[in-house]
Amino acid sequence: MRYSEMHLPTGREIPSDAEVVSNQLMIRAGMIRKLTSGIYSYLPMGYRVIRKVEQIIREEMNKAGAQEVHLPMVQPAELWQESGRWTFYGKELLRFRDRNDRDYCLGPTHEEVITDLVRHDIKTYRQLPCNLYQIQTKFRDEVRPRFGVMRCREFGMKDAYSFDADEAGAEKSYEKMFAAYNNIFRRCGLKFRPVEADSGSIGGSFSHEFMVMAESGEDAIVFCEKCNYAANLEKAEIAKPDADADKQKDQLAMESVETPDVRTIDEVSAFLNVSPEQIVKTLIFSADGKPCAVLIRGDHEVNEIKVRNYLGAAELELADDEMIMKATGAPRGFAGAVGIKTRVIADYSIMNLVNMVTGANKENYHLKNVNMGRDFQVESFADLRVSQPGDACPRCGGLIKFVRGIEVGHVFKLGTKYSKAMKAVYLDRDGKEKTMIMGCYGIGIGRTVAASIEQNFDQDGIIWPMPLAPFTVIVTPVNIKESDVMKASEDIYGELLACGVEVIIDDRDERAGVKFKDADLIGIPLRIVVGSKNLAQGRVELKIRRSGESRLYAVGEVVDEIRKIIAAEMNAADEAPLI
RNA sequence: CGGGGUGUAGCUCAGCUUGGUUUAGAGUGCUUGACUGGGGGUCAAGAGGUCGCAGGUUCGAAUCCUGUCACCCCGACCA
């Protein structure tokens, strides 16, 4: 490719509405342009990188036995009504009508379409397992798109769906995809790790997210330094503590104290001069419209996902003032377990507490020396809180650490949620009708590209890992008006092309400084600089983008050297150990 | 949906508080020419704007008022 002929509009200014570095650099490097909120165009440079990621995905998916298909983006309402998601999915599903007034939506995901496809064509266990995937545009009408292509409304996604005859088969399909995903992200040159994730309201048994480590990531990840436990914060388990019967011996008599307008943990702690660990927070939740009290130690936070999962509720939110008043007989801020008129569940954190401080279910009063069993009963204890620094690993007891990550992939055991609702069945060996067991597996393509930039940049611009680079080499003639410089540049360019290297020659009539800045910005891994001084001695300069290192080579040797470097780096990306 | 902010040249922004000396500006980018040629070079000449849109107040509105749209940020919500 000739730079002079390429549509590659680079920019010096940081766009005013770009927050994260990947978004800023993708715009400045001429990769993308925003059309409207959450909707982006890819320019040639950006699309080349997209296709690199897609190609790696294709190769690994095919290797894992999946087959590529292409499903429609416009989907009829009937399918979604059949699965129940037409009402369930909410506003993220963009709905519209055609000229005959029929309801449609833009596909945010394709479980319905693929299940419909498979149920028509797969009739027997002999056709199973089956794993189909596609790389296609999704539309999700996000409440708040942000961070450029990282969280946008229209985006490219690879989604795969597996169909199996039984649990064991489904497990195998899941493991294959898990392995394929490891290969994909490793080959993309990303620092990532798979983490346990919440299976959410879909209710599958198992789910992993593939997280790219980055400070700007929207997800918090918990991992253990000793063992390989890693989980999304919303999923991170906390081990059940041992019961400590001894402590219960020192129970004091319960007393009521007046605490005028003292509501929050901090206020109670200061007013009564007790530490937050001694106070029990009593949160009233509305679980599918019914109140439920959740007890937790004052210095901890409730993990609403855990509560929702524990209660098996479809919808969970903090109760409104009216429900609180009805359940506790007091306004917000004075709830307590003693005498409360709701179910009461408690986090493990209060299991061994004695002489607790709680609300009195009476305005402007709290209770001191409250004790479980004696003063109130708990329906059950469970892990309901958010993991925090200092917690022990739930697997090995080691210390856990926190990092932030970008979710680039998600593998999911679906079970029979869709196959059952949509009657995707087959006949087994005995001629009996059985429901297929599904799994689904997604990768955000644009997000993977953005995540790569979040991990690979410096003050000059992007630093592509070789497997994703839009071009591997850029040939930079310092001055195109010098014919010997141009001739040598063209020769090297031609040679690289001839041996299949993706190369761009910067044949623009620009000053060297401009070319260097642009080459750095767009992040080409290897740069060959052809200038008259070195050329007079038969040499050219090879500069490595990532290290900044530069070496001189004889004109006749530089192509060989480059081939060696490329081979070594691509190999390293293929064989990099998992972290 | 709640809160906050911003809309002026392709891009980044000034001007608005206190309406009229600004014929709407700067930097950068773009065009042309000359010089220059290893880290966004210099000089000169130029093109480019119904100041988001619609009303209103006024002799007079980029500037004040009302409405509206778009975009961004924080939160809530949600795969």
Side-chain angles (χ1 to χ4, degrees), chain A residues 9-20 23-24 27-28 30 33-40 85 88-94 107-111 138-148 151-153 155 157 159 197-204 207 209 218-219 232 234-235 304-305 308 314-318 320 407-412 414 417 440-444 447 459-461 476-482 485-486 489 506 508-522 527-536 539-541 543 545 548 550 552:
Chain A
T10 57
R12 197 192 311 225
E13 312 265 10
I14 296 170
S16 59
D17 57 359
E19 189 74 1
V20 294
N23 191 211
Q24 294 171 355
I27 293 167
R28 287 188 53 209
R33 290 291 181 260
K34 184 170 74 180
L35 179 62
T36 183
S37 179
I39 299 181
Y40 289 82
R85 283 161 116 190
F88 186 75
Y89 208 98
K91 286 189 181 167
E92 262 181 47
L93 188 64
L94 183 66
T109 173
H110 282 70
E111 282 84 3
K138 300 279 186 274
F139 193 94
R140 295 181 184 175
D141 200 355
E142 285 278 346
V143 191
R144 189 144 99 79
R146 61 184 134 178
F147 304 149
R151 182 174 208 83
C152 49
R153 299 195 291 172
F155 60 98
M157 184 176 181
D159 47 326
D198 178 55
S199 42
S201 46
I202 300 182
S207 164
E209 290 166 341
E218 289 188 274
D219 289 283
N232 192 311
E234 58 187 40
K235 167 79 175 175
E304 294 194 18
I305 291 166
R308 176 168 35 204
E315 262 186 64
L316 185 86
E317 54 186 1
L318 276 171
D320 56 22
E407 180 194 343
V408 290
H410 200 163
V411 292
F412 215 109
L414 277 179
K417 180 181 163 81
C440 70
Y441 318 91
I443 293 177
R447 192 182 275 188
Q459 70 279 3
D460 292 319
T476 307
V478 165
N479 185 343
I480 65 163
K481 294 199 176 104
E482 294 168 341
V485 165
M486 247 354 246
S489 300
D506 194 346
R508 295 175 300 167
D509 184 11
E510 290 285 354
R511 311 195 115 232
V514 173
K515 296 187 183 188
F516 293 156
K517 286 286 182 192
D518 275 334
D520 286 347
L521 178 61
I522 62 184
R527 185 172 86 205
I528 300 172
V529 183
V530 184
S532 53
K533 280 182 209 133
N534 284 324
L535 195 59
R539 294 196 287 199
V540 293
E541 176 189 342
K543 182 147 185 168
R545 174 69 180 88
S550 101
L552 293 174

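FYI, side chains are in, hydrogens and waters are out, and symmetry mates aren't considered; it's all heavy atoms of this structure. In what follows, chains are A, B, ... by sequence order, proteins preceding strands, each numbered from 1.
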Please state whether the phosphate of [N], meaning OP1 or OP2, lies under 4.0 angstrom from any side-chain nitrogen or oxygen of [X].
X: A/K481; N: B/U36; answer: no
X: A/T36; N: B/C71; answer: yes
X: A/R144; N: B/C73; answer: yes
X: A/R146; N: B/C74; answer: yes
X: A/T109; N: B/A79; answer: no

Test for a donor-acceptor pair under 3.5 Å between the base of [N] and the side chain of [X], counting only N and O atoms.
X: A/R511; N: B/G41; answer: yes
X: A/D460; N: B/G40; answer: no
X: A/K543; N: B/G38; answer: no
X: A/E317; N: B/A76; answer: no
X: A/R508; N: B/G37; answer: no

Quote, to the nearest angstrom, the [atom1] distance that separates [N] from [M].
N: B/G67; M: B/A26; atom1: P; value: 35 Å
N: B/U6; M: B/U12; atom1: P; value: 16 Å
N: B/C53; M: B/C69; atom1: C1'; value: 7 Å
N: B/G15; M: B/C64; atom1: C1'; value: 16 Å
N: B/A79; M: B/G3; atom1: P; value: 25 Å
N: B/U21; M: B/U42; atom1: P; value: 34 Å
N: B/C43; M: B/U36; atom1: P; value: 16 Å
N: B/G25; M: B/A14; atom1: C1'; value: 8 Å

Kindly indicate whether the side chain of [X], heavy atoms from C-beta on, has any atom under 4.5 Å from the side chain of [Y].
X: A/K543; Y: A/F516; answer: no
X: A/H410; Y: A/C440; answer: no
X: A/R33; Y: A/I27; answer: yes
X: A/E482; Y: A/L535; answer: no
X: A/V540; Y: A/I528; answer: yes

Just the rounded figure in Å: distance from [atom2] of [N] to [atom1] of [X].
X: A/E19; N: B/G75; atom1: CD; atom2: P; result: 11 Å
X: A/F139; N: B/C78; atom1: CZ; atom2: P; result: 20 Å
X: A/L93; N: B/C77; atom1: CG; atom2: C1'; result: 16 Å
X: A/E218; N: B/G75; atom1: CD; atom2: P; result: 10 Å
X: A/I305; N: B/A79; atom1: CD1; atom2: P; result: 9 Å
X: A/I522; N: B/G39; atom1: CD1; atom2: P; result: 19 Å
X: A/L316; N: B/C78; atom1: CG; atom2: C1'; result: 14 Å
X: A/K34; N: B/C72; atom1: NZ; atom2: C1'; result: 7 Å

Which base sits across from [N] as a Watson-Crick or G-U pair, both distances under 3.5 Å?
N: B/G40; result: none
N: B/U31; result: B/A45
N: B/A62; result: none
N: B/G2; result: B/C74
N: B/U21; result: none
N: B/A14; result: none

My understanding is that only one of A/E142, A/E407, A/E19 makes a salt bridge (Lys or Arg N to Asp or Glu O under 4.0 Å) with A/R151; could you say which?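 Result: among A/E142, A/E407, A/E19, A/E142 is the only option passing the salt bridge (Lys or Arg N to Asp or Glu O under 4.0 Å) with A/R151.
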Given 3.5 Å as the limit, does a donor-acceptor pair link the side chain of A/R153 with the main chain of A/D141, or not?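 Checking the backbone N and O of A/D141 against the side chain of A/R153, no donor-acceptor pair under 3.5 Å is found.
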Side-chain donor/acceptor of A/K515 to backbone N/O of A/R508, under 3.5 Å: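 The answer is yes, because a donor-acceptor pair under 3.5 Å joins these two groups.
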Charged N to carboxylate O below 4.0 Å: is that the case for A/K235 and A/D198?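 Looking at A/K235 and A/D198, the cut-off is not met.
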Hey, are A/R85 and A/E111 close enough for a salt bridge, meaning a charged N less than 4.0 Å from a carboxylate O?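 A/E111 and A/R85: salt-bridged.
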Taking the nucleotide of RNA chain B with the nearest heavy atom to each, does A/D219 or A/D509 sit closer to the 5' end?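 Nearer the 5' end of the strand: A/D509.
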5' precedence on RNA chain B between A/R140 and A/G11 (nearest-nucleotide basis):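 Nearer the 5' end of the strand: A/G11.
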Applying a 4.0 Å non-hydrogen cut-off, can you work out what [X] is touching in the nucleic acid: base, sugar-phosphate, or nothing?
X: A/N479; value: base
X: A/G531; value: base
X: A/R33; value: nothing
X: A/K138; value: nothing
X: A/P9; value: nothing
X: A/E234; value: nothing
X: A/E304; value: nothing

Show, in sequence, the C-alpha distance, side-chain angles and deciding distance for A/T109 and A/R140, and conclude whether the side chain to side chain contact (heavy atoms under 4.5 Å, CB included) test is met. CA-CA 9 Å; A/T109 173; A/R140 295 181 184 175; 4.0 Å; yes
Walk along nucleotides 26-34 of chain B from 5' to 3' and tag each nucleotide B, S or - by protein heavy-atom contact under 4.0 Å, base first, then sugar-phosphate. -BSS-----
Consider the side chain of A/V143, meaning its heavy atoms from C-beta on, and name the nucleotide among B/A79, B/A76, B/C13 that approaches it most closely.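 Taking heavy atoms from C-beta onward, the closest nucleotide is B/A76.
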Of the nucleotides B/C72, B/A79, B/G38, which one has an atom closest to the side chain of A/E541?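 Among B/C72, B/A79, B/G38, the one nearest the side chain of A/E541 is B/G38.
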